[in-house]
Undergrad: 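The structure follows.
Only a predicted model underlies this, so the values are computations on that prediction, with no experimental measurement involved. What you see below is based on every heavy atom in this structure, not just the backbone, and it leaves out hydrogens, waters and symmetry mates. For this chain, numbers begin at 1 and follow the sequence in order.
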Amino acid sequence: MFWFLLIAMVVVVAAVTLVVVGGGDGGGLRDSEPDRLHDPLPEDRPVARADVDAVRLPVTVRGYRMTDVDDVLDRLGAELAERDARIAELEAALAGAHASAMGGPGLIQDGPPVLGPVPETGPAPGPGDRKSAAAAEAPGQRPDDEERA
């Protein structure tokens with residue numbers, strides 16, 4: 001039994017050695033391609049949330065490949081700057097349209113409309129109320145002084 005296991009092990013080691021060293025197609029092992037960003041951000045349209053979620057940066061020995069990370073961050077920064085500028089432009093246009101619509105003649109006045117002189121507050125003099133009528137005509141005099149005169 002010992003001899004059988006020893007011969008089987010030698011045959012397996014020889015077969016693996018022939019496959020690895022170059023038995024078969026005569027070529028060796030194919031060089032592996034370096035990891036690259038397979039799904040870059042789209043160049044023909046604005047970046048959407050799904051595009052950012054789909055980005056998978058390739059991992060290298062020391063972490064992520066810096067050029068790929070820089071490319072993605074530069075593109076996202078440019079997209080955000082473009083969107084911020086567009087938002088500011090649209091807000092300015094909206095504020096201008098709002099101001100011109102509200103500043104039209106007769107739409108908004110600075111205060112309430114003035115129709116005439118503002119009446120003084122107080123009770124209106126009655127037809128038989130002589131003291132009240134005299135007080136209304138001469139506000140500097142007291143009604144007591146009028147009776148004395």
Undergrad: Would Val72 and Tyr64 show up in the same hydrophobic cluster when neighbours are defined by side-chain heavy atoms closer than 4.5 Å?
TA: yes

Undergrad: Starting from Leu57, can I reach Leu73 by hopping between I/L/V/M/F/W/Y residues whose side chains sit under 4.5 Å apart?
TA: yes

Undergrad: Which heavy-atom pair separates Glu79 from Arg45 by the least distance, and what is that distance?
TA: OE2-O, 4.3 Å

Undergrad: Can you measure from CG (Asp51) to CG (Leu76) and round to the nearest 0.5 angstrom?
TA: 9.5 Å

Undergrad: Walk me through whether Glu82 and Arg86 qualify under salt bridge (charged side-chain N to carboxylate O under 4.0 Å, His left out).
TA: CA-CA 6 Å; Glu82 182 179 326; Arg86 180 71 177 147; over 6 Å; no

